[in-house]
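In this text the structure is predicted, and so the values were computed from the model without any measurement. Both backbone and side-chain heavy atoms feed into the values below; hydrogens, waters and symmetry mates do not.
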Amino acid sequence: MRKSRVAAVDVGNDSLKAIFGDLDHELNIPNAIARDIEDRPIIGIEELNSKDPLDGIHIRLHSPALSENNAIYRVGTLATKSDNTSELDPGSSKSEEDQTLVMLFASLALDAVREENSTLFNRSNNVIDANYILGTGLPLREVKEGKDAGYRSRLLGSVHQVEFLVTPKYQGIKVNIKFEDVKVYPEGFAAFINLVMDNNLNIINKDLVNKSILIQDIGGLSTDIAVIKNRNVDDDKAQGFNLGVSAALEQIREEIRSKHGVELDSRRDVVEIITKKNDRNHIMVKGSRTSVHDIIDRILLELAKKQYRLLRNMWSKNSQTEICYFVGGGSNILKDYLKTLNNNLDGYNIDFFEDEKESIWMMANAYYKLISDHLRRTQKEDQKDKKGEEKKPVKA
């Protein structure tokens, strides 16, 4: 009988974060893809195999879930260096984009191909058959529209093949991915789970459990505001908005190009300029350190005002809210602006995650906790069923 491996995958707008197995492997890959040819140019096979596979993800994908089948892609870091890099556009649906699946399948294949998993999955003639139990999520807006069911059905019941082409260490290996089970969670609810439970699903934040709280999850393409009462998401009051940070990052990128003649490869480069610890909001122009503070401040402050307006409207509709947590990569970028606005205006009880890693990995951690809980309950039910069958009298 084939064994299945747990995977918790957050396909975020900036990057994919994934946790596997018994917390024994993590992946963080820039969410960027680029169409490519089969024989991408390299200096030499010896040099190729001395490099990190994550820096040279080059794959062919075969899956009935994809609208473009048998396509070849550069993924992650390698894609950001391409002239035709593709990033998710504002207004697009994560559940309906090939890019989401390309990132997902690539991450699973990169886990399956590791030497540490050689005894877990069947392998024959450079073909690996890998089974996974997946926990992932979608923006609240898409879940409320019922798109989670379609996304789940595209993954289940089919074989999705990832073929490594000119990829360090893994060239020529094919990974056939099947899903034993797939759970798709609303991102706002997942954030709540991560706030109150540890990896063993023990309550770690008792003060929050019975509070009325808002969770404003600012992503790249959208913002979800979950309304939590008595440990449950109020589905009727929770809302999703087509307002994320991607458009602002693209605007910053364009204005830097127009004003300073500097071409940044991707939105991720813009994020690094905004969040780096040294020389924040500075770039190099013809070898000189140059401030782009004016561009960044103007654009991000305008976006922060729109996000604050969402908070104000949601709080007015849920007047007994006790605290709002800002989560997601967008919150990390807008944190200082939102704090300043709040101090100068309404003074709501708001909080952020000061630990940058915790904030970035929040969704992947939440999916891991949720899929682990699902597995435990399923196993308990299976054991009960087996015991019930054993107790049944044998008919003569």
Side-chain angles (χ1 to χ4, degrees), residues 9 11-16 18 27-89 92 94 96-115 123-130 154-155 158-178 220 246 250 253-254 257 262-270 272:
V9 184
V11 187
N13 181 68
D14 178 60
S15 67
L16 173 145
L27 279 175
N28 190 342
I29 305 169
N31 188 353
I33 64 173
R35 291 294 293 271
D36 203 9
I37 57 173
E38 185 166 352
D39 297 317
R40 72 177 180 90
I42 54 169
I43 293 170
I45 195 70
E46 294 83 4
E47 184 170 331
L48 175 74
N49 286 331
S50 67
K51 294 180 180 178
D52 186 341
L54 293 184
D55 292 332
I57 306 169
H58 182 236
I59 57 175
R60 189 202 315 270
L61 284 172
H62 179 79
S63 167
L66 296 167
S67 59
E68 291 195 61
N69 208 356
N70 272 333
I72 295 169
Y73 295 97
R74 296 181 177 211
V75 176
T77 303
L78 189 65
T80 63
K81 299 172 184 175
S82 178
D83 293 333
N84 60 331
T85 305
S86 172
E87 298 175 287
L88 291 174
D89 294 321
S92 63
K94 189 186 285 190
E96 296 174 341
E97 294 287 335
D98 269 6
Q99 179 155 343
T100 306
L101 295 176
V102 171
M103 295 300 302
L104 172 65
F105 296 150
S107 69
L108 296 174
L110 284 163
D111 176 69
V113 79
R114 293 170 71 232
E115 187 63 34
R123 180 166 179 162
S124 175
N125 296 326
N126 275 350
V127 178
I128 298 169
D129 292 320
R154 287 164 72 191
L155 296 175
S158 299
V159 176
H160 316 278
Q161 186 182 85
V162 178
E163 179 184 356
F164 289 104
L165 299 175
V166 190
T167 302
K169 297 183 176 72
Y170 303 142
Q171 188 170 21
I173 297 176
K174 296 178 181 179
V175 181
N176 294 326
I177 298 165
K178 286 194 74 173
S246 288
E250 206 60 59
R253 187 176 162 194
E254 175 57 30
R257 187 196 65 76
V262 173
E263 188 74 57
L264 300 171
D265 289 336
S266 66
R267 296 173 201 149
R268 191 181 180 88
D269 291 339
V270 181
E272 286 178 8

Next item on the list: Determine the minimum heavy-atom distance between Ala34 and Ala79, stating which atoms define it.
Entry: N-CB, 3.8 Å
Notebook entry, point to check: Do Leu165 and Gln171 come close enough that some side-chain heavy atom pair is under 4.5 Å?
Noted result: no
Check: Does the side chain of Leu104 come within less than 4.5 Å of Leu155's, by heavy atoms?
Finding: yes
Checklist line | Set of residues satisfying salt bridge (Lys or Arg N to Asp or Glu O under 4.0 Å) with respect to Asp269, sequence neighbours excluded | finding: none
Next item on the list: Report yes or no: is the cationic atom of Arg60 (NZ for Lys, CZ for Arg) under 6.0 Å from the centre of the six-membered ring of Tyr73, at an angle within 45° of the ring normal?
Entry: no
Margin query: I'd like to check the side-chain hydrogen bond (donor to acceptor under 3.5 Å, both in side chains) partners of Thr80; sequence neighbours left out, ordered by chain and number.
Written below: none
Note to self: As an exercise, state the distance from CG of Leu78 to CG of Asp55, rounded to the nearest 0.5 Å.
What the structure shows: 8.5 Å
Notebook entry, point to check: Taking the inter-plane angle between the rings of His160 and Phe105 on a 0 to 90° scale, is it parallel (under 30°), tilted (30 to 60°) or perpendicular (over 60°)?
Noted result: parallel
Next item on the list: Go through the structure and list residues passing side-chain hydrogen bond (donor to acceptor under 3.5 Å, both in side chains) with Ser124, not counting sequence neighbours.
Entry: none
Margin query: Using the rule given for side-chain contact (heavy atoms from CB on, under 4.5 Å), can you reason through Asn28 versus Leu16, listing the C-alpha separation, both sets of side-chain angles and the distance that settles it, and then say yes or no?
Written below: CA-CA 6 Å; Asn28 190 342; Leu16 173 145; over 6 Å; no
Next item on the list: Give the intermediate values and the outcome of side-chain contact (heavy atoms from CB on, under 4.5 Å) for residues Thr77 and Ile29.
Entry: CA-CA 7 Å; Thr77 303; Ile29 305 169; over 6 Å; no
Next item on the list: Would you check if the side chain of Arg267 reaches a backbone N or O of Asp14 as a donor-acceptor pair within less than 3.5 Å?
Entry: no
Next item on the list: Calculate, to the nearest 0.5 Å, the distance between atoms CD and CD1 belonging to Gln161 and Ile128 respectively.
Entry: 11.0 Å
Next item on the list: Answer yes or no: is there a side-chain heavy-atom contact under 4.5 Å between Asn70 and Leu61?
Entry: no
Check: With no hydrogens and no angle check, is any side-chain donor or acceptor of Lys169 less than 3.5 Å from a backbone partner on Lys51?
Finding: yes
Check: Got a donor-acceptor contact below 3.5 angstrom from the Asn176 side chain to the Val159 backbone?
Finding: no
Margin query: So Val11 and Thr100, do their side chains get closer than 4.5 Å, heavy atoms only?
Written below: yes
Check: Closest heavy-atom contact between Tyr170 and Phe164?
Finding: O-CB, 3.1 Å
Check: Do Ile59 and Ile72 have side-chain heavy atoms sitting under 4.5 Å apart?
Finding: no
Item checked: Polar side chain donor-acceptor pair, Asn31 to Ser15, under 3.5 angstrom -> no
Notebook entry, point to check: Looking at side-chain heavy atoms only, is the closest gap between Val9 and Ser107 below 4.5 Å?
Noted result: yes
Note to self: So which atom in Ala65 and which in Asp98 form the shortest heavy-atom distance, rounded to 0.1 Å?
What the structure shows: O-OD1, 4.3 Å
Notebook entry, point to check: Going from CG on Leu264 to CD on Glu254, what distance comes out if it is rounded to the nearest 0.5 angstrom?
Noted result: 10.5 Å
Check: Taking C-beta and beyond as the side chain, do Lys174 and Val162 meet within less than 4.5 Å on heavy atoms?
Finding: no
Checklist line | Nearest-0.5 Å distance that lies between atom OG in Ser266 and atom CZ in Arg253 | finding: 6.5 Å
Check: If every non-hydrogen atom of Val175 is compared with every non-hydrogen atom of Ala130, which pair is closest and at what distance?
Finding: CG1-CB, 4.2 Å
Check: Looking only at atom types and distance, does a side-chain atom of Thr167 sit under 3.5 Å from a main-chain N or O of His58, one as donor and one as acceptor?
Finding: yes
Check: Any donor and acceptor pair, going by atom type alone, linking the side chain of Asp129 with main-chain N or O of Arg123 inside 3.5 Å?
Finding: no
Notebook entry, point to check: Should Ile57 and Arg74 count as side-chain neighbours, where that means a heavy-atom distance under 4.5 Å?
Noted result: no
